[in-house]
Amino acid sequence: GAGVSQSPSNKVTEKGKDVELRCDPISGHTALYWYRQRLGQGLEFLIYFQGNSAPDKSGLPSDRFSAERTGESVSTLTIQRTQQEDSAVYLCASSWTGGVSEKLFFGSGTQLSVL
Amino acid sequence: GENVEQHPSTLSVQEGDSAVIKCTYSDSASNYFPWYKQELGKRPQLIIDIRSNVGEKKDQRIAVTLNKTAKHFSLHITETQPEDSAVYFCAASRPTGNQFYFGTGTSLTVIP
């Protein structure tokens with residue numbers, strides 16, 4: 001595809017429900033990141049995948065958050081038992097190899113609203 | 001870990017004037033500093049970056065400066081235009097680890 005694709009673009013859910021967010025990185029990109037962007041805030045690192053290496057989960061805020069990636073393709077971010085404070089835009093980004101000075105290509109994000 | 005602070009949070013300038021956004025970082029090991037622009041409702045996009053082995057980099061109306069001793073770096077936009085209106089994020093990255101540490105963003109408004 002032409003860029004990083006995320007779905008859904010918007011998700012409204014009730015408190016306590018589980019949600020699953022999807023990210024399709026640019027073909028050939030081995031590195032994939034998830035960030036959370038609360039209203040008026042910066043980009044908060046959640047998790048990083050690089051090829052077949054163990055993911056860096058150091059940014060996940062609680063055990064309600066988890067993410068998977070199938071090889072070097074699609075990733076899903078799952079939030080269980082959603083809370084109102086989970087409301088945010090969830091951004092996915094990918095890069096070629098995850099090198100330190102590599103450009104990140106962002107998706108357009110999923111706006112999650114927890115009622 | 002790294003802590004990136006960004007100022008100001010909002011900035012309004014008249015078209016044609018210059019805009020300066022400043023960021024500080026805490027980890028002296030950080031060596032890569034990108035700037036991302038996020039237009040309303042759109043995804044962040046890299047506009048310029050600088051590595052720690054240089055002090056300044058320019059690209060047309062945009063420049064970034066880095067002071068490693070003081071651990072701060074700045075984005076300079078000259079001859080601002082309405083299309084420069086957006087949220088700008090600075091970031092810092094270390095040579096080890098995989099994280100980009102982002103600032104909280106600056107909402108720039110260029111008044112025609």
Side-chain angles (χ1 to χ4, degrees), chain A residues 1-7 9-10 23-26 29-51 53-60 67 69 88-111, chain B residues 1-11 21 23-25 27 29-54 57 59 64 66 73 86-108:
Chain A
V4 178
S5 177
Q6 290 187 246
S7 61
S9 55
N10 283 282
C23 173
D24 282 274
I26 292 172
H29 280 193
T30 63
L32 187 147
Y33 302 76
W34 282 98
Y35 286 89
R36 178 168 68 179
Q37 186 177 26
R38 289 196 167 111
L39 186 64
Q41 300 295 313
L43 303 178
E44 178 187 0
F45 169 78
L46 296 178
I47 190 169
Y48 164 81
F49 296 91
Q50 169 55 49
S53 301
D56 177 355
K57 304 180 181 180
S58 60
L60 295 179
R69 187 180 185 192
V89 175
Y90 290 82
L91 286 165
C92 174
S94 69
S95 68
W96 284 106
T97 66
V100 169
S101 56
E102 278 201 343
K103 176 179 177 180
L104 297 181
F105 292 81
F106 283 89
S108 51
T110 293
Q111 173 73 63
Chain B
E2 175 64 277
N3 180 43
V4 178
E5 295 190 354
Q6 183 171 349
H7 301 281
S9 57
T10 60
L11 178 61
I21 302 170
C23 289
T24 61
Y25 61 99
D27 190 341
S30 290
N31 66 346
Y32 174 63
F33 307 93
W35 286 87
Y36 284 81
K37 175 184 180 182
Q38 185 177 29
E39 295 178 41
L40 188 62
K42 297 188 176 180
R43 66 196 72 189
Q45 292 190 311
L46 179 72
I47 54 170
I48 195 167
D49 57 14
I50 191 168
R51 292 167 178 76
S52 59
N53 58 344
V54 297
K57 182 177 179 180
D59 183 3
V64 57
L66 171 66
F73 56 111
V87 177
Y88 292 80
F89 293 97
C90 64
S93 181
R94 295 179 289 183
T96 57
N98 311 307
Q99 294 186 32
F100 287 82
Y101 297 87
F102 283 86
T104 50
T106 296
S107 177
L108 173 65

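All values below come from the heavy atoms of this structure, side chains included, with hydrogens, waters and symmetry mates left out. Below, read A as the first sequence line, B as the second, and so on, with proteins coming before strands; counting in each chain starts at 1. What you are looking at is a predicted structure, and each value in this text was computed from that prediction instead of being measured.
- Heavy atoms of A:Gln37 lying under 4.5 Å from chain B belong exclusively to its side chain.
- Between A:Tyr35 and B:Phe102, the gap from one ring centroid to the other is short of 6.0 Å.
- When heavy atoms are compared at a cutoff of 4.5 Å, A:Leu43 approaches chain B by way of both its backbone and its side chain.
- Residues of residues 38-46 of chain B placed with any heavy atom under 4.5 Å of a heavy atom in chain A are listed by number as B:Gln38, B:Arg43, B:Pro44, B:Leu46.
- In summary, the aromatic rings of A:Phe106 and B:Tyr36 are positioned with their centroids under 6.0 Å apart.
- For A:Arg69, there are no salt bridge (charged side-chain N to carboxylate O under 4.0 Å, His left out) partners, not counting sequence neighbours.
- For the atom pair A:Phe45 CZ and B:Tyr101 OH, the distance stands at 8.0 Å (nearest 0.5 Å).
- Judged as a ring-ring contact (aromatic ring centres under 6.0 Å, His included), and not counting sequence neighbours, the contacts of A:Phe105 are A:His29.
- With sequence neighbours left out, A:Tyr90 forms a ring-ring contact (aromatic ring centres under 6.0 Å, His included) with no residue at all.
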